[in-house]
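Input: a single structure, listed below in structure tokens.
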Amino acid sequence: MLPYRTTSPANAKIVHEGQACVVKDDNISERIYTIREGDHLVLKCLVKGHPLPQVRWTKTAGSASDKFQETSIYNETLIIEGIQRVQGGRYYCKADNGVGVAAIKSIRVDVQYLDKPVLTVHQTISDVRGSYYQEKTVFLRCTVNSNPPARFIWKRGTTPIEQSKDQGVDIYEPLYTQGETKVLKLKNLRLKDFANYTCQVSVRNVCEIPDSSVTFLLTIGTTPPALRLSVNESLVVDPGKDVTLSCEVTAGLPKPTVIWSRYLNPLPRNSLVRNGTLELRSVTSADSGFYNCTAANNVGNPAKRNVNLLVRSMGNLTFQITPDSNKDSENIQMGRDLKLSCHVDAQPQDKVNYMWYQNEVLIYNSDSLIVLHSDPDMAPGTSSLEIIDMKFRDQATYSCVANFPGSTVPELRVDVNITQNSVTPPILTVPEGGQVVSVREGGTTDLVCLVDGKPRPPVLWSRADKDLAMPTGEWAVETHDGRLHLTNVTRDLMGAYRCQTAPYNGLNIKPRQAQVQLNVQYAPVLDPVFQDVRSPNYQFVTLRCIIQKSNPPRIASVRWTRNGEPLTSLTPHPQENPQLKFKLDPSNNGTYKCHVSNGVGSSTCTFNISSRPYNAEFYFDTPNPICNLKGNNFSYNLQWTQSEPAATDRIIGYWVNVRNMNQMNLFSKQIDTKEPVKGSLMSYILTDLKIPLSYEIRLAPITTYSTGDYVSRTIKYTECEYLSLDHVCGFEDKHICGFSQDRGDNFDWTRQNHLTQNPKRSSNTGTEMDRSGTKEGCYMYIEASRPRVLGDTARLLSPLYNVTAARGPKGSGRLPYCISFFYHMKGKQIGTLDVWLRVKSIASVDTKVWSLIGNQGPDWNQANIIVNPSGPFQVVFQAIRGSGYEGDIAIDDVSVTKGKCKQENSVSNTVMGGRAAPNGATKVSALNHNTF
């Protein structure tokens, strides 16, 4: 066991997978990921830190915005299938484990696309020199949406048009246009100008997006479209009728395309469009609206015609009785004026015809009876009958009839009996005991306001708080009997409700009002709902259940249980926050529940009480497996920390269970350990694991009285040409012998061979072949071309070498190791190649053990370094970019062997050259450190 204290803050790095066109860095060191629209975006956030950080992906709407979208993805890998242009922008990976400041990395996703261009033709005609002839100027406008900006090529026939060689054309980019636009201007049309014109757009094959083009034939007969409608621009029809709207094209070459649409809404489902005709079958009032007919042939402006279709309908018919308003009266009195009003909700409202009858006799205007077909004092579309200086003969039954003349829509009628005894002001009351209505949450109830009067008006319900809507979402609800029915009542509906008489279907006077209070009862709200409590045995534990709110507030009963069995020895105080105190021992671990009731409902606080230790937390930054030299076996350095080790009884060890992924259990073993300290890193080396199998490792802490829960993780052999002691790594496999890219550098090393080299690369730097001289052989190198700049660093990390014997034979000091590799450093702008030794201990210690600067000629050279590490170690190859692009650096055939280097003239931490350094090479720096 190797314990040492460790918690490390989160560290993150974004890597890309999938179908990126290119990944580059801009001048502010932000990565830019370019992808074609419709391809799959795959971004992975590589994280380090202990405990293992949680990863959250967020996105900004654009490159300049700092505001996150509301939606987030909690996953290390972000996948967007078939990415669209609106999904471009800056993506953030946030890694947080609660230690220090969260790590945030960003990458800008640039979605590339090229739409098909649109070509339109416009012309101007002006008289020149009187009326002898006309000059025509034609503009061909080509517009396209693309990213990156498109390049335009104009062709007449198949020949590109060059403005400098043709005085009759002008090519320019207009101002204030949407999208990218180029205009080809044909000045004073010539005979040769009547031809096929092609606008070709290109994004220069970025992301392998092909060019796109559009062609237009310009002739002497080219004309813009013109339309003629078969109906009036305003069309009123009865419901159930079939409607045919025709758009006839009267001009246009090329032949225009006719499209029907509907303003703000799609065309009805029962519609049919063919040959410029729109057919609507069995129309209803929902089919009313503006219908638009558009003809376009890309010449001039599209021709448009609109039809306002109105389907007749009549809805609710209401009436009002208004006593003499000049006398502020609320009753019908002889000798005073009286107004009867009638309104119907109709479409079209202005086409409604109202007729008034007195005792079934049609009323004509007279000195005492005046009919207003549109009353200016009432809502639009309201008709009124004014009775002047009411006499006894005016007491009668008055009827209002509303209809559409000549329509099949049925007429509506309302009768009002007007006498001194038949009309009385309304009285609104709340029944005794109904001022406060109590209901349990989720239940059903009625709020009641009784209304009396002749005629009896409807009752309108609303919330007393004007900012609150009714449960239906409306601001007011009409009831005919004064009862407001509420179902599935929730506590947010609690409060005061106002009832008032409606100003229609009764007297049009000051409304009567009353209020009813709705009281929603619900079970107590408790905290905590669930709590996991750990404690050492034989110590007192106090459980508290906090009553946050309750309606009614009085608590009727409190009941404690353990594992479902009642605790009868407790005598609770119902009006206080319940609590339970007891001494924990192995016999009374379990689930404790506090049941609190207020007579309406019961709620529960649940406590999981245990002396079992908390889970172990695996240390996921553990380096790669360690290969042994015993056949086909490998070992693994398992590392973890203990969560809250002091919360329970002393931890005396751990159970380790190992099984391969074929469900075969290999062994279970108890590991004895010192009592862990919070943040202390524990480790155990698993041996004799078989290559290339994967294993599930389960780990549980042990105390004197109990065992904690198992946590599990999977370890996988990397199935690579694994770099072990005495093994030479030629980087021939894609897993590069277990080497890994450092996450904190500027860019990465690249694996390459002769067959994968860029044929356009500079011949003045880099290597043609690997160290063995074969085209298929691979090596690792850094590419010094743009966007790399002076000082950029790339680091390549070896697997961890476990030093089992820190010292050599007696009296010989620490055990030496030999690091051997070949390097290639050709180019006049070569930077620096460093080798560092990273020793793993309480903290990682990096020490530079070798360094070389500048051009070393066209050959591969060998370096041998003797090191004396004090513990498990890694080898770090660091390349620093020089002053220009002729600075590629490569390494190959890396090995680490136990003992001193066997090559002749080997010295501690010095370079052994396979050949003499060329003249002019910068001196090698060999750093003499005997202990690391």
Side-chain angles (χ1 to χ4, degrees), residues 433-447 471 486-497 516-615 643-644 646-649 703 705-709:
Q435 288 83 1
V436 178
V437 176
S438 295
V439 60
R440 294 190 179 188
E441 192 167 34
T444 300
T445 191
D446 287 335
L447 307 185
L486 301 176
T487 60
N488 193 23
V489 178
T490 57
R491 66 189 68 177
D492 59 304
L493 298 181
M494 187 160 49
Y497 288 74
V516 177
Q517 186 76 25
L518 178 64
N519 179 38
V520 182
Q521 299 176 331
Y522 52 88
V525 178
L526 307 179
D527 183 63
V529 176
F530 176 85
Q531 184 177 2
D532 184 47
V533 179
R534 305 292 175 102
S535 172
N537 281 299
Y538 306 107
Q539 290 192 9
F540 280 99
V541 175
T542 301
L543 308 181
R544 293 182 176 87
C545 186
I546 308 300
I547 304 172
Q548 295 183 324
K549 53 185 176 179
S550 173
N551 189 24
R554 185 180 183 280
I555 301 303
S557 65
V558 174
R559 183 170 55 91
W560 286 90
T561 62
R562 181 181 69 224
N563 298 329
E565 298 295 326
L567 297 174
T568 56
S569 59
L570 183 68
T571 55
H573 300 282
Q575 297 308 309
E576 299 177 358
N577 288 320
Q579 71 176 33
L580 177 65
K581 185 176 182 180
F582 61 95
K583 181 182 286 187
L584 185 66
D585 61 53
S587 66
N588 60 11
N589 283 226
T591 300
Y592 288 73
K593 292 186 177 181
C594 177
H595 306 269
V596 181
S597 173
N598 62 353
V600 171
S602 179
S603 301
T604 303
C605 289
T606 301
F607 303 90
N608 182 37
I609 311 300
S610 175
S611 60
R612 299 173 65 201
Y614 284 100
N615 295 345
S643 177
E644 304 296 338
T648 61
D649 297 306
T703 69
Y705 300 99
S706 61
T707 300
D709 292 330

Query raised in the report: How far apart are the closest heavy atoms of Ala523 and Ser602, and which atoms are they?
Result: CB-N, 3.8 Å

Query raised in the report: Taking all non-hydrogen atoms of both residues, which atom of Ala556 and which atom of Gly599 are closest, and how far apart?
Result: CB-N, 3.9 Å

Report task. Show your reasoning for whether side-chain contact (heavy atoms from CB on, under 4.5 Å) applies to Arg544 and Asn577. Result -> CA-CA 7 Å; Arg544 293 182 176 87; Asn577 288 320; over 6 Å; no

Report summary line: Contacts of Thr445 meeting side-chain contact (heavy atoms from CB on, under 4.5 Å) (sequence neighbours excluded), chain-then-number -> Val437, Val439, Leu486, Val489, Leu518

Requested in this report: Rounded to the nearest 0.5 Å, what's the gap from CG on Asn519 to CZ on Arg440? Could you check?
Outcome: 12.5 Å

Requested in this report: Please determine which of Phe607, Tyr592, Phe540, Trp560 meets the ring-ring contact (aromatic ring centres under 6.0 Å, His included) test together with Phe582.
Outcome: Tyr592

Query raised in the report: Taking the SG atom of each, are Cys594 and Cys605 under 2.5 Å apart?
Result: no

Query - Note, Lys593 side chain near His595 side chain (heavy atom, < 4.5 Å) - result: yes

Query raised in the report: Do Tyr705 and Pro613 have side-chain heavy atoms sitting under 4.5 Å apart?
Result: no

Report summary line: OH (Tyr614) and OG1 (Thr648) are apart, to the nearest 0.5 Å, by 8.5 Å

Query raised in the report: Closest heavy-atom contact between Arg491 and Val525?
Result: NH1-CG2, 3.6 Å

Requested in this report: Hey, could you give me the OG1/CG distance between Thr561 and Leu567, rounded to the nearest 0.5 Å?
Outcome: 7.0 Å

Query - Heavy-atom check, side chain of Val600 versus side chain of Pro552, under 4.5 Å - result: yes

Query raised in the report: Passes side-chain contact (heavy atoms from CB on, under 4.5 Å), Leu526 versus Ile547? Steps please.
Result: CA-CA 5 Å; Leu526 307 179; Ile547 304 172; 3.8 Å; yes

**Report entry** Considering all heavy atoms, the nearest Asp585-Asn537 contact
**Finding:** C-OD1, 3.1 Å

**Report entry** Spatial distance of atom CG (Asn615) from atom CD (Glu644) [nearest 0.5 Å]
**Finding:** 12.0 Å

**Report entry** Leu584 vs Ser611, side-chain contact (heavy atoms from CB on, under 4.5 Å): CA-CA, chis, key distance, verdict
**Finding:** CA-CA 8 Å; Leu584 185 66; Ser611 60; 4.1 Å; yes

Query raised in the report: Ser550: what forms a side-chain hydrogen bond (donor to acceptor under 3.5 Å, both in side chains) with it, not counting sequence neighbours?
Result: Asn598

Report summary line: One should read off an interatomic distance between Thr591 OG1 and Glu565 CD, to the nearest 0.5 angstrom, of 12.5 Å

Query raised in the report: Under a 4.5 Å cut-off applied to non-hydrogen side-chain atoms, are Glu441 and Thr490 in contact?
Result: yes

Report summary line: Smallest heavy-atom separation, Asn589 atom then Ser610 atom, equals OD1-CA, 3.2 Å

**Report entry** Heavy-atom pair of closest approach, residues Gly434 and Val516
**Finding:** O-CG1, 3.3 Å

Query - Reported CZ-to-CG distance for the pair Arg534 and Asp649, which is rounded to 0.5 angstrom - result: 12.0 Å

